[in-house]
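Below is one structure; the comments refer to it alone.
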Amino acid sequence: MIHQLELLIMRGHTPVVGGGFIVTDTGYEVLSSDDIVVDAALALRASDVAFAINAPGVYDDTTPDHQIYESINVADLARLNGIPDMAGDCTGGIAAKLRAAARAASAGIRTLIVDGRSSRNLGDALTGRPFQGTELLGSAKDASCAAL
């Protein structure tokens, strides 16, 4: 699959990856699109990776008005108690997405959690323009959680 993604990128396309369920000997497992995209980004030595979600970004659940983080350092993820696993969501919700995204950010890949409900916003994020969402920063970068 990595080779096919590489060919698309070389031809100027932006691959969009989706997951699903796979059957195993013991039942089934979730094939996470988040894990797929991080593995592909690492293998292809990508400079950027974007995770499109149906929200304006990662919420700070510790403030009364639930602000959105402009950026989160991966070193701060463990102490963010406002981002629980989603009960009843087999994908793990935003907490699982952040764990996967942290792998990319820790490897030096610019990692974005983007409000994907607007194609313009997604395009802005991918081209380096201001966007609605949250950037996940590798622990080597000197930044902590910053809310908008």
Side-chain angles (χ1 to χ4, degrees), residues 1-22 29-63 65-87 89-148:
M1 180 179 80
I2 298 300
H3 180 67
Q4 285 81 10
L5 291 175
E6 192 171 29
L7 289 173
L8 286 170
I9 292 167
M10 287 171 47
R11 291 186 174 115
H13 299 286
T14 300
V16 177
V17 178
F21 294 95
I22 57 172
E29 289 182 24
V30 174
L31 183 59
S32 167
S33 57
D34 298 333
D35 290 332
I36 293 169
V37 76
V38 170
D39 289 345
L42 293 170
L44 294 170
R45 295 182 194 100
S47 59
D48 305 301
V49 65
F51 296 84
I53 62 172
N54 63 348
V58 178
Y59 285 98
D60 169 11
D61 199 30
T62 61
T63 60
D65 54 355
H66 305 293
Q67 294 181 346
I68 297 167
Y69 285 115
E70 181 179 305
S71 63
I72 302 173
N73 191 300
V74 294
D76 293 326
L77 287 178
R79 69 175 181 80
L80 296 177
N81 59 6
I83 306 176
D85 286 329
M86 293 283 296
D89 180 350
C90 64
T91 68
I94 193 68
K97 185 175 298 300
L98 287 171
R99 283 191 296 272
R103 292 178 35 227
S106 294
I109 298 171
R110 181 172 174 254
T111 304
L112 310 172
I113 311 292
V114 180
D115 187 344
R117 297 173 293 182
S118 161
S119 60
R120 179 177 179 155
N121 187 53
L122 190 55
D124 286 346
L126 293 172
T127 57
R129 293 188 300 265
F131 68 97
Q132 177 67 50
T134 303
E135 182 172 3
L136 194 56
L137 304 170
S139 57
K141 294 186 180 177
D142 185 24
S144 59
C145 297
L148 288 173

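- When all heavy atoms of A52 and G116 are compared, the pair lying nearest together is CB-CA, 3.9 Å.
- Residues I113 and A101 approach most closely at CD1-CB, 4.2 Å, considering heavy atoms.
- For A55, the side-chain contact (heavy atoms from CB on, under 4.5 Å) partners are I53, Y59, not counting sequence neighbours.
- The side-chain contact (heavy atoms from CB on, under 4.5 Å) search around L44 returns I2, L5, E6, I9, not counting sequence neighbours.
- For the pair I68 and P56, the tightest heavy-atom approach, listed with the atom from each and the gap, is CD1-CB, 3.1 Å.
- Rounding to the nearest 0.5 Å gives a distance of 10.5 Å between CG of L137 and OG of S106.
- Applying the side-chain contact (heavy atoms from CB on, under 4.5 Å) criterion to A105, with sequence neighbours excluded, gives V74, T111, L136.
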In a table with atom names and distances, give each donor-acceptor pair under 3.5 Å that connects a side chain of residues 120-129 to protein atoms at least two apart or in another chain.
| from | atom 1 | to | atom 2 | distance (Å) |
| --- | --- | --- | --- | --- |
| N121 | OD1 | Q132 | N | 2.6 |
| N121 | ND2 | D115 | O | 2.8 |
| N121 | ND2 | Q132 | O | 3.0 |
| D124 | OD1 | R129 | NE | 2.8 |
| D124 | OD1 | R129 | NH2 | 2.8 |
| T127 | OG1 | G123 | O | 2.8 |
| T127 | OG1 | D124 | O | 3.3 |
| T127 | OG1 | R129 | NH1 | 3.1 |
| T127 | OG1 | R129 | NH2 | 3.4 |

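- None of T134, L98, V38 except one satisfies the side chain to side chain contact (heavy atoms under 4.5 Å, CB included) rule with F51; the exception is V38.
- Scored by the side chain to side chain donor-acceptor pair (under 3.5 Å) test, D39 finds R103 as partners (sequence neighbours excluded).
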